[in-house]
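Take a look at the structure set out below.
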Amino acid sequence: MAGSPKEAMVLVVDVGPLMAQAPPGHVTPLENAKDAISMLLQRKMFSQSKDEVALILLGTQETANELAGTDEESYLNITVARPLGQPDFDLLEFVKNDIVPGPVSADFVDAIVVALDLVRNQTMGKKFETKRIVLFSNLAGEFTDDQLEGVINGMKALECEFNLIGLSLDDDDEDGGAPDQNGAGPPRKAPTPQQRAGAALIRHVIQEVDGVAYSESEALQMLSFFQKRNVRAAPWKVMLEVGTNLKIPVRGFIRVKECKPNSFKKVHARTLSKEDIHTTHEHRLNDDEETPVESTIDGYRYGNTIVPFSTDDENQMKFKTDAKCFDVLGFTRADNVKRQYYMGDSVRCFVAEEGDEPAAVALSAFIHALYETNMVAIVRYVYNKNSAPKVAFLSPHIKPNYECLLCIMLPFMEDMRKYTFSSLHPNNKNLPSDDQLSAVDDLIDNMNLVMPEKDEDGKQQQYLKPKLTFNPHLQRLYQCLSARALNPDDPQLPPPNQTILNYLQPQQDLLAQSAPCVDRLRAAFPLEVVTKKKEETTAQNIFGAGDEAEPAAKKPRLDADAGRDGGLTMAGLARGPVTEVGSVRPLEDFRAMVSRKDDDKFMEAAAQLQKRIEEIVMESFGDQFYSKAMECLQALRVESAKLGEPDQFNTFLRGFKETLFNKGRKDFWDSMVRERVTLISSEESPETSASKEEAEKFLEAAKQTTEEPEEMEEAEAEDLLAMM
């Protein structure tokens, strides 16, 4: 990767007595400046940037700068507290503890000249992409303007940017009393004549050098966020091949990628050194004999067997590609690539090779052709030699000042997850009314994140725009790390930044705007509390119907009961022949397939039902669908024994048992033990060699875990008898 751009920044801080004045109960401008500088330094330290920062104080008792010796009447009470260098905790501690109000007011124009001289001398021979002077002042002190043109020319010659933090130049001619930044700061006093004159001078400088001025609250809000290191990634250079004769040299840059925090390092608690901790790994056979690493091998589970896989096997298994690849496989309409197909952990943008005009023309024609036909290109993506091939799609992206191709990975068949959900409204009972649809539409319109106002460039603004929204998790982490570094003995961490917390809540103006819509929605969709009917405690519920209960033959046979047995029903005739065991009514579908007289579908139906049983158990929320899976499993066991296919059921049950334990579904296995769902023995079907003892032993693995609940149930029954 290429190095990130470096910046040389000189912070000029006014510490004069006028910066230490504020209304009672409010923070002084100097304290706000110190907070802003601390946040700025912490951002640079946590981002691990190579930027260099210098610190100049004006209004100090002493004078310490290189220009003071040339003129005894100028550049007084200005101190270079820190030359250019990478920010560290020493500078952060100096800003926090050693910047105090000074006794005199100094000329901020002289301080800017000292800063320009420092930039010229200390950046000579170094490569900086940006040079910047930041003045922290309320411009309330006296100044001279005889060097104004020299300051402007010097900034232009050094290509040095200029910023002011402390006074909003847009509002200097308005009446005071308005709270700064929507009430976030102290009441803004009317500018003094001296401040008006200073603001006019700084405004002229900013206009000449394209600088920017910020108020205290604006600066604090922008600097209250930490940023990770900004690394300029090296481009991925490759040939975009279309067919056999067209090759376009392109470069790919990462456009979007998840930002993850740096991992914590294990260090010694006393010395805080990583080198003081040594980690060793050893392999032992049966906890006795140490096994060298050379005697170990990777294994892959294949069914119930562990298949050994050596390093040579892994090398032979890898794809042997000659070089990186970026070939177009074909084209398809953009709407054929569904949103849920977007995969991968990043998005790359591709532009033509720098300086290659024919490539730029060819790629531009390719991009515009895709855009005008609403098509995307499907490509074969191989990052480098011996990398696994992937499939991606290229989408055209055209802006007024640039155009590129966006590359996003696509899934393979194994990456897809298929779920079958029942319809929200299988009949007209659940269809929403026009009033309900209108209420939801109004709520969406009133909670639209797009603001009605536009910015200075005429672009539509919106809340939570990704490129302007920081990650609350990362910001909180950096905030706590900074607090712990500066206050290692403080047991309490600071509360979360309120600006960060605001990201996790809806916008207040949107909530107020949508309140009537919420009330209308609540009225359109009335909710009622449904109380679950408590079952009556009777002896029949506790002990069951018993052997002497009324025979089932006396109960009327319903159409639904006939369907369970696979018999003919009106609903079954209406559906037609069943060809697949579905997920909604798997047991009925299985029985219907098995009962067909024209074709033997047992093996196919049994395999499909086995798959459905595993799906129901693994996708069940707790034990919600266990009873449904148990019915299917018991029916599969009965039919397998009756139709002479016990070995298929026994093979499935052995693998299913292992799956339950590996996937953390032991509670369903406990249900199988209680229901005595075990292997089909030779006594039940002569087609199998499994003995009765083997079938009994199959359930022993869970006997110890199930005995205790059974004893509890017996104890509860005895207590209930005592109560009766």
Side-chain angles (χ1 to χ4, degrees), residues 8-20 29-30 33 37 54-84 99 101-123 131-169 172-173 191-216 219:
M9 178 180 291
V10 180
L11 306 178
V12 182
V13 186
D14 187 352
V15 297
L18 297 177
M19 285 284 288
L30 181 58
I37 295 172
L55 180 63
I56 297 177
L57 306 178
L58 65 141
T60 57
Q61 180 68 47
E62 65 281 353
T63 300
N65 64 82
E66 294 183 358
L67 298 180
T70 61
D71 189 345
E72 295 181 356
E73 297 182 358
S74 300
Y75 314 110
L76 301 178
N77 306 109
I78 300 174
T79 301
V80 178
R82 169 78 178 253
L84 271 181
I99 293 183
V104 296
S105 294
D107 189 341
F108 63 81
V109 178
D110 284 350
I112 296 175
V113 175
V114 173
L116 280 172
D117 181 70
L118 185 148
V119 170
R120 181 176 61 84
N121 294 332
Q122 298 191 12
T123 60
K131 302 170 188 175
R132 187 189 308 273
I133 295 175
V134 183
L135 174 63
F136 293 85
S137 175
N138 58 3
L139 307 180
E142 296 182 356
F143 63 91
T144 59
D145 59 357
D146 54 339
Q147 301 187 78
L148 180 59
E149 293 304 319
V151 167
I152 295 175
N153 293 332
M155 288 186 181
K156 291 181 178 179
L158 292 172
E159 298 181 351
C160 184
E161 300 179 9
F162 178 75
N163 298 131
L164 170 69
I165 295 179
L167 188 66
S168 177
L169 301 184
D172 65 299
D173 56 347
T192 64
Q194 186 67 34
Q195 285 180 308
R196 293 178 187 273
L201 184 144
I202 293 297
R203 185 184 293 109
H204 176 66
V205 174
I206 287 176
Q207 290 175 349
E208 290 292 328
V209 300
D210 293 330
V212 183
Y214 303 98
S215 66
E216 295 173 357

TODO: Locate the shortest heavy-atom distance separating A106 from G59; write the atom from each residue and the value.
DONE: CB-N, 3.5 Å
Open item on the list: For a side chain to side chain contact (heavy atoms under 4.5 Å, CB included) check, start with the C-alpha distance between L30 and I99, then their side-chain angles and the critical distance, and finish with the verdict.
Closed with: CA-CA 9 Å; L30 181 58; I99 293 183; 4.2 Å; yes
- [ ] Output every pair passing side-chain hydrogen bond (donor to acceptor under 3.5 Å, both in side chains) with a member in residues 135-145, not counting sequence neighbours, ordered by first then second residue.
- [x] D14-S137, D107-T144, T144-D146
Task: I78 side, atom CD1; L67 side, atom CG - distance, nearest 0.5 Å - done: 8.5 Å
Open item on the list: Testing the basics here: between A8 and T123, what is the closest heavy-atom pair and its distance to 0.1 Å?
Closed with: CB-CG2, 3.9 Å
Open item on the list: Tell me whether N77 contacts the main-chain N or O of T60 through its side chain, where contact means a donor paired with an acceptor under 3.5 Å.
Closed with: yes
Open item on the list: Could you check whether any side-chain N or O of Q194 sits under 3.5 Å from a backbone N or O of G141, counting only pairs where one atom can act as donor and the other as acceptor?
Closed with: yes
Task: Any residue meeting salt bridge (charged side-chain N to carboxylate O under 4.0 Å, His left out) with R132, in chain and number order, not counting sequence neighbours - done: E7, E161
- [ ] Determine whether F108 and V12 make a side-chain contact, defined as any pair of heavy atoms from C-beta on separated by less than 4.5 Å.
- [x] no
Open item on the list: Taking the side chain as everything from C-beta on, heavy atoms only, tell me whether S105 gets closer than 4.5 Å to P17.
Closed with: yes
- [ ] Check whether any side-chain heavy atom of F162 sits under 4.5 Å from a side-chain heavy atom of V151, and report yes or no.
- [x] no
Open item on the list: Test your reading of the model: is there a side-chain donor-acceptor pair from N65 to the backbone of V114, 3.5 Å cut-off?
Closed with: no
Open item on the list: Looking at E159, I'd like to know if its CD atom is crowded, meaning that more than 12 non-hydrogen atoms belonging to other residues, nucleotides or ligands lie closer than 6.0 Å.
Closed with: no
Task: Derivation of the side chain to side chain contact (heavy atoms under 4.5 Å, CB included) call for V205 and M155 - done: CA-CA 10 Å; V205 174; M155 288 186 181; 4.2 Å; yes
- [ ] Can you see which heavy atom on K131 is nearest to which on V119, and at what distance?
- [x] CD-CG1, 4.0 Å
TODO: Return the minimal non-hydrogen interatomic distance between I165 and S215, and the atom names on each side.
DONE: CG2-O, 4.4 Å
Open item on the list: Within the structure provided, determine whether Y75 and E66 are in side-chain contact (heavy-atom separation under 4.5 Å).
Closed with: no
Open item on the list: So Q147 and I112, do their side chains get closer than 4.5 Å, heavy atoms only?
Closed with: no
Task: Gap between atom CD1 of I56 and atom CD1 of I133 - 0.5 Å precision - done: 7.5 Å
- [ ] Measure the CD-OG1 distance between Q61 and T79 for me, rounded to the nearest 0.5 Å.
- [x] 10.0 Å
TODO: Any chance you could measure R82, atom CZ, to L57, atom CG, to the nearest 0.5 Å?
DONE: 12.5 Å
Open item on the list: With rounding to the nearest 0.5 angstrom, report the CG to CG distance, L139 to L18.
Closed with: 11.0 Å
- [ ] Begin from the C-alpha positions of M19 and V13 and carry the test side chain to side chain contact (heavy atoms under 4.5 Å, CB included) through to its verdict.
- [x] CA-CA 10 Å; M19 285 284 288; V13 186; 5.7 Å; no
TODO: Find out whether H204 and I152 are in side-chain contact, i.e. whether some heavy atom of one side chain is under 4.5 Å from a heavy atom of the other.
DONE: yes
